[in-house]
Enquirer: 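Pasting in a structure now, in structure tokens, and then I'll have a few things to ask.
The sequence lines fix the lettering, A, B, ..., with proteins before strands; numbering per chain opens at 1. Here the structure is a predicted model, which is why all the values come from computation and not from measurement.
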Protein chains: 2
Amino acid sequence: MKFSNINLLEELARPELAPLLSAFHERRYARQAIVFSPQYDDDLAEQETQKPREDNFVFIVKSGLVRIYLSYGDREFTIALLKPGDLYVSHSNAFVQVLEDAVLLLLDTPTFNRCMMTIPEFTVSIVRVLGGMLKSSFSIIDGLALRDVTVRLARLLIDLAHENDDNSQERLIRLPLSGEMLAQTLGTSRQTISTLLTDFTRLGILQKEQRGLYRILDENRLRELLH
Amino acid sequence: MKFSNINLLEELARPELAPLLSAFHERRYARQAIVFSPQYDDDLAEQETQKPREDNFVFIVKSGLVRIYLSYGDREFTIALLKPGDLYVSHSNAFVQVLEDAVLLLLDTPTFNRCMMTIPEFTVSIVRVLGGMLKSSFSIIDGLALRDVTVRLARLLIDLAHENDDNSQERLIRLPLSGEMLAQTLGTSRQTISTLLTDFTRLGILQKEQRGLYRILDENRLRELLH
DNA sequence: ATTCGTCTGTCAGCTACCCGACAAAAGGAC
DNA sequence: GTCCTTTTGTCGGGTAGCTGACAGACGAAT
């Protein structure tokens, strides 16, 4: 769901990275805007013989919410949601969409490559971000290949509960997306998410406060679902 | 299946990277050896509060075949097979196992971090490798979340056919793993792989030459299965 | 307050694939 | 050649989850 804990806005606020920050171009996008749409080719084997893409890009979310997702026909799978401070490096055929009005700091590829050679601190940050993206991707693969939807949903709920640590006494979870969008994040259908949330409620693990807002009544039992 | 096209052995052969090459320690492993076994904790939410792992590591495969995989109970999912020249940076709870006697060039974390700050060429190579790993991971996620097993197998076969470009007239595919291991790479069961290979054979797409060796009779029809 | 569009819960039929099991085939060791 | 282990192909029953559909709930706009 989220790629990395590194806040690039804080990193770029450091004085030695000031020239780098000035190289980014600020751009505004309205909600639902598709920032990046890959030239998707179903024939994956041909990718090896294609020229390297010249329109790779890097951006940092300054404000808003951005979704990284894969798409095939009418099916979509959300890989990550990016919040302010998050950086994304495009290396694949993933779509980029703004879910809430956003401001992005964009960096063109030649500048990106030059900065990597001349500003080691930046490059190390990029490595850390890529490492976080990789770890998150492995976790997604683990969920899809080795677990079932119940575990994936339980994981999401626990993650969300911990993101709202200021509500730690209440254990309230505000689902950041509609059921349909959550389903796309967990690789399942909206109906299954609805069914499972109802199951968790009947089991006394959750209590629905209102649409999209749940209270965790028994976190230990939620954690038991992880096994 | 494979992470990146970058051959680090060739990269490290460049004169300016000689000090870096000398920092690697050479280590031998017998087939089946587990090189790295994570302290796997089922409770993923706790990972945010854990100390950073001190035993992250980097290695380059000098010879042999190495498998990167995830494991849960008796289920396993293979993320990648590394061949000579491939580099792996551990950032997650993946296992590392030697499938064929291997020689690895290992780099400890402090040296790794120091070299990243002092040798920009190395850092850029790391970024490119991580980018390749990420792209490959996205492709795996795409296959697991948005496609079915037929597509995943067809992709694998096409990839393998293109890796053996020296046999381009023959379109012979030597499966590098047993049916069971292939199933673990595609997130399915051995029986399903067997059934699908038989289906492809009955459809006139493949012809079985011997165990583990197939000829592609109709590559266009194999590619049609990708849609 | 009303209307409309989106979201949600539920249902029943369907399906892609799993799983345990067994027999046959294949390859390697002796 | 024999023996043993691993691999492979096949079968039939079972299941996690999908899918289309419908009605109700909810929130925003007017």
Enquirer: Pick one: which of A:L104, A:I60, A:L8 meets side-chain contact (heavy atoms from CB on, under 4.5 Å) with A:F24?
Expert: A:I60
Enquirer: Tell me whether the rings of A:F95 and A:Y69 are parallel (<30°), tilted (30 to 60°) or perpendicular (>60°).
Expert: parallel
Enquirer: Expressed as a whole number of angstroms, how long is the span from B:L146:CG to C:dA16:C1'?
Expert: 16 Å
Enquirer: Rounded to the Å, how far apart are B:I193 CD1 and C:dC19 C1'?
Expert: 15 Å
Enquirer: Identify all pairs in which a protein N or O lies below 3.5 Å from an N or O of nucleotides 13-17 of chain D, and state each distance.
Expert:
{"unit_1": "D:dG17", "atom_1": "OP1", "unit_2": "A:V149", "atom_2": "N", "d": "3.0"}

Enquirer: Roughly how many Å is it from CD in B:E209 to C1' in C:dG27, rounded to a whole number?
Expert: 18 Å
Enquirer: Round to the nearest Å and state the distance from B:D199 atom CG to C:dC17 atom P.
Expert: 11 Å
Enquirer: Between A:D101 and A:A30 (side chain of the first, backbone of the second, donor and acceptor by atom type, cut-off under 3.5 Å), is there such a pair?
Expert: no
Enquirer: For B:R190 and C:dG20, give me the distance from atom CZ to atom P, rounded to whole Å.
Expert: 12 Å
Enquirer: Using whole Å, what does the distance between atom P of nucleotide D:dT7 and atom CG of B:L197 come to?
Expert: 16 Å
Enquirer: For the side chain of A:S178, starting at C-beta, report the closest nucleotide among C:dT8, C:dG9, D:dG9.
Expert: C:dT8
Enquirer: What does the list of N/O pairs under 3.5 Å between the protein and nucleotides 23-30 of chain D look like, with a distance for each?
Expert:
{"unit_1": "D:dC26", "atom_1": "O4'", "unit_2": "A:R211", "atom_2": "NH2", "d": "3.2"}

Enquirer: Please report the distance, rounded to the nearest Å, between CG in B:L206 and C1' in D:dG9.
Expert: 15 Å
Enquirer: Classify the side chain of B:Q191 and the base of D:dG9 as holding, or not holding, a donor-acceptor pair under 3.5 Å.
Expert: no
Enquirer: How far apart are the closest heavy atoms of A:R147 and A:D142, and which atoms are they?
Expert: NE-OD1, 2.9 Å
Enquirer: Apply the side-chain contact (heavy atoms from CB on, under 4.5 Å) test between A:M181 and each candidate in A:I193, A:L81, A:L99; give the one that qualifies.
Expert: A:L99
Enquirer: Without decimals, in angstroms, what is the distance between A:L182 CG and C:dG9 C1'?
Expert: 15 Å
Enquirer: Assess the residue pair A:Y214 and A:K208 against the criterion (side-chain contact (heavy atoms from CB on, under 4.5 Å)); give the C-alpha distance rounded to whole Å, side-chain angles, the decisive distance to 0.1 Å, and a yes or no.
Expert: CA-CA 4 Å; A:Y214 288 82; A:K208 185 174 180 179; 3.6 Å; yes
Enquirer: Look at A:K208 and C:dG9 and indicate whether a side-chain polar atom (N or O) is within less than 4.0 Å of OP1 or OP2.
Expert: yes
Enquirer: Picking from D:dT19, D:dT8, C:dG9, which would you name as closest to the side chain of B:S194?
Expert: D:dT8
Enquirer: Give the C-alpha distance, both sets of side-chain angles, the deciding distance and a yes or no for side-chain contact (heavy atoms from CB on, under 4.5 Å) between B:T201 and B:Q207.
Expert: CA-CA 6 Å; B:T201 303; B:Q207 182 181 54; 5.8 Å; no
Enquirer: Please check the phosphate of C:dT10 (OP1 and OP2 only) for any side-chain N or O of A:T198 closer than 4.0 Å.
Expert: yes
Enquirer: Out of B:T192, B:L182, B:L196, which one pairs with B:L153 under the side-chain contact (heavy atoms from CB on, under 4.5 Å) rule?
Expert: B:L196
Enquirer: With a 3.5 Å distance limit and no angle check, can you tell me whether A:R221 reaches the backbone of A:L203 through a side-chain donor-acceptor pair?
Expert: yes
